[in-house]
Amino acid sequence: MDLGSILYLGVTFGLFVIFAWIVIKTYSRKNRDRNEEAKYRMLDDD
Amino acid sequence: MDTPQYNTDIVRSFILWSVIWGLVAIVVGLVVSVQMTNPELNFPPYFTFGRLRPLHTNAGIYGWAVGVIFATFYYIVQRLCKVRIWSDKLATFQLWFFNATIIAAAISLLLGFNTSKEYHELEWPVDIMVVVLWVAFAINIIMTIIKRQEEQMYISLWYMMAAIIGVAILYLVNAAEVPVSLFKSYSIYAGTNDANVQWWFGHNAVAMVLTAPPLAMFYYFLPKTTGVPIYSHKISIISFWSLIFMYLWTGTHHLLWTPVPDWIQTLAMAFSLMLIAPSWGSVINGYLSMKGQWHQMRDNYLVKFLIIGITFYGLQTLQGPMQAIRSFSAFIHYTDWVPAHIHMGTMGWVSMIAFASIYYLVPRIYGKELYSIQLANLHFWLILIGQLIWSISLWIAGVLQAGMWNAMNPDGSLTYTFMETMVEMYPYWWARTIGGVIFLAGVLVFVFNLIKTIRGGESLVSSAVPVEGRA
Ligand code: HEM
Ligand code: HEM
């Protein structure tokens with residue numbers, strides 16, 4: 001593997017870590033209910 | 001909330017122009033379809049298959065799909081943020097610049113100016129127009145989101161932002177070129193790098209134009225139509241981020257078996273298969289949102305468009321990953337199977353959602369009852385049947401073609417010449433044209449219904465549908 005491919009895979013892995021962090025944050029106990037609020041509020045935006 | 005503050009004029013104008021460009025795309029699609037069965041209908045130099053085909057794809061993607069994106073995003077962003085768009089003037093400028101760009105694109109393509117990069121055919125002066133247009137749009141939408149009155153961002157806004165930022169990055173990177181004259185440029189990338197960047201652009205254009213925006217519309221208009229919220233906002237958020245994360249690496253599935261390094265092809269193949277999860281996350285979220293509401297499939301024509309639309313998205317995102325597998329790709333690549341995949345996506349998924357969005361918007365922004373629900377139902381059936389004939393006949397044609405190309409005699413020579421395989425395609429190409437005519441008939445019914453609604457439909461004042469205030 002050359003430097004280019006290591007970089008390519010490194011960026012992929014870095015993005016994966018960010019993604020895992022988003023999942024944990026979305027499903028954290030603190031945010032669990034808060035994250036569902038938007039779907040109710042959008043119903044009365046007319 | 002005081003509704004009259006929203007700018008609905010811009011939504012009306014974009015709807016009008018998107019429908020006009022959509023009609024152009026479909027008519028030119030029919031012309032190229034007929035040109036394949038009747039090559040004598042090529043009229044050089046301007047009206048040949050080679051020049052009309054990119055006109056068809058550009059009008060379909062950038063005129064019709066992007067036109068509807070402009071219309072719906074301007075509508076949705078104001079409501080989800082509960083503020084008027086940031087700048088009316090910029091939006092009006094964008095409307096006219098959009099039309100000028102599409103006209104410049106059409107003329108330059110007919111004159112034969114073409115970078116030869118699929119979906120990025122426009123030469124550098126028109127490229128610059130596209131960039132100006134998109135920057136104007138991006139500034140207006142992002143500034144509106146920044147000054148929003150709602151703290152939480154509904155899922156549609158995430159998809160919208162991804163589309164806006166994604167298209168900007170893709171287009172700029174793939175447009176890097178060296179102009180050698182007013183209408184000729186060369187890509188700054190060479191060889192396999194050029195191909196890789198082009199298909200990184202190409203497939204992510206599918207993600208950022210033909211996937212994220214219709215999902216933004218679907219997530220907005222489905223609950224608005226049924227009156228019940230989506231099943232899970234959290235699932236929609238996770239599907240969103242995983243879709244964005246995975247799409248980036250899939251472009252090379254267009255370049256399987258080419259000199260692009262093997263490991264990049266394998267990565268693209270793996271990520272394409274993984275894409276099934278976020279795609280189906282949205283499909284299942286949509287289906288579960290219908291819990292207790294399935295009767296609306298019969299009672300509410302809009303639900304029909306939306307649910308069949310998301311179903312085609314589901315089928316598309318199963319078929320796509322299958323095509324990204326090396327062995328399957330070896331069989332169907334270069335055959336008529338691929339245009340069938342594309343048209344299930346563009347005519348089934350994108351156009352179904354676009355029609356639903358327009359049906360939702362027109363009565364509200366014009367304050368008129370839809371002229372005829374029966375005609376809307378007729379429209380639904382005609383476009384569904386037309387698209388199915390189009391896709392199914394070409395899937396069969398693709399398998400037949402692949403089978404004939406692969407057939408070998410015991411001595412290792414090919415059983416069929418290329419011309420023999422072409423001759424076999426004629427009945428399927430005719431079937432495609434018939435499917436296209438039925439689809440066009442459906443769209444004409446839609447246009448008639450809209451004109452009657454706008455011109456003379458009953459006022460909505462006494463009906464259950466709320467009227468949007470004019471700007
Ligand atoms: C999980 C999602 C998807 C995957 C993995 C996928 C995969 C693929 C693959 C592998 C090809 C290349 C076929 C070949 O030339 O051999 C292709 C072509 C194409 N797909 Fe999909 N697809 C997906 C979803 C979609 C959707 C939702 C649309 C929306 C309309 C779409 C539109 C297209 C288009 C326009 C092309 C043609 C590109 C060209 O001109 O060569 N795809 N897709
Ligand atoms: C009546 C409806 C339509 C007809 C008859 C039609 C016909 C065609 C034909 C004949 C081709 C060329 C296929 C080939 O080269 O083998 C084509 C390609 C294409 N069309 Fe359409 N089309 C229709 C609707 C649409 C719409 C609404 C869109 C977009 C929103 C669209 C997007 C495309 C794209 C992206 C391609 C390129 C396919 C590829 O690279 O393989 N089409 N169409």
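Chain letters run A, B, ... following the sequence lines, proteins first and then strands; every chain starts at 1. Everything quoted here is computed from the prediction, not taken from an experiment.
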For B:Y231, which atoms come within 4.5 Å of any heavy atom of chain A: side chain, backbone, both, or neither? backbone

Is there a donor-acceptor pair under 3.5 Å between the side chain of B:Q149 and the backbone N or O of B:C81? no

Report yes if some heavy atom in the side chain of B:V303 is under 4.5 Å from a heavy atom in the side chain of B:T226; otherwise report no. yes

Could you tell me whether B:W200 and B:W249 have their ring centroids closer than 6.0 angstrom? no

Once the angle between the rings of B:H203 and B:H253 is folded into 0 to 90°, is it parallel (under 30°), tilted (30 to 60°) or perpendicular (over 60°)? perpendicular

What part of B:I155 gets closer than 4.5 Å to chain A, counting heavy atoms only: side chain, backbone, both or neither? neither

Measure from the side-chain N and O atoms of B:K224 to the backbone N and O of A:L43, and report whether any donor-acceptor pair falls under 3.5 Å. yes

Among B:S232, B:S156, B:S236, which residue has the highest count of heavy-atom pairs closer than 4.5 Å to chain A? B:S232

Is there a salt bridge (charged side-chain N to carboxylate O under 4.0 Å, His left out) between A:R34 and B:E151 once you walk through the steps? CA-CA 11 Å; A:R34 217 174 134 253; B:E151 191 205 336; 3.1 Å; yes

Tell me the residues of residues 11-21 of chain A whose non-hydrogen atoms fall below 4.5 Å from those of chain B, in number order. A:V11, A:T12, A:L15, A:F16, A:F19

If I measure from the heavy atoms of chain A, does B:S242 come under 4.5 Å with its side chain, its backbone, both, or neither? both

So which part of B:I238 gets closer than 4.5 Å to some heavy atom of chain A, the side chain, the backbone, both or neither? both

Less than 4.5 Å to any heavy atom of chain A: does that hold for the side chain of B:I235, its backbone, both, or neither? both

Parallel, tilted or perpendicular for B:W199 and B:H254, by the 30°/60° rule? parallel

Any cation-pi pair here, B:R79 with B:Y75, using under 6.0 Å and within 45°? yes

Contact part of B:F271 toward chain A, heavy-atom cut-off under 4.5 Å: side chain, backbone, both or neither? side chain

For B:E150, which atoms come within 4.5 Å of any heavy atom of chain A: side chain, backbone, both, or neither? side chain

Does B:Q265 use its side chain to pair, donor to acceptor, with the backbone of B:V260 at less than 3.5 Å? yes

Is it true that B:N174 and B:Q198 share a donor-acceptor pair across their side chains at a distance under 3.5 Å? yes

Segment of A:E36 engaging chain B (4.5 angstrom heavy-atom cut-off): both

Side chain from CB out, backbone as N, CA, C, O: work out which of these in B:I244 comes under 4.5 Å of a heavy atom of chain A, or both, or neither. neither

Do the two ring centres, one from B:H233 and one from B:Y154, sit under 6.0 Å apart? yes

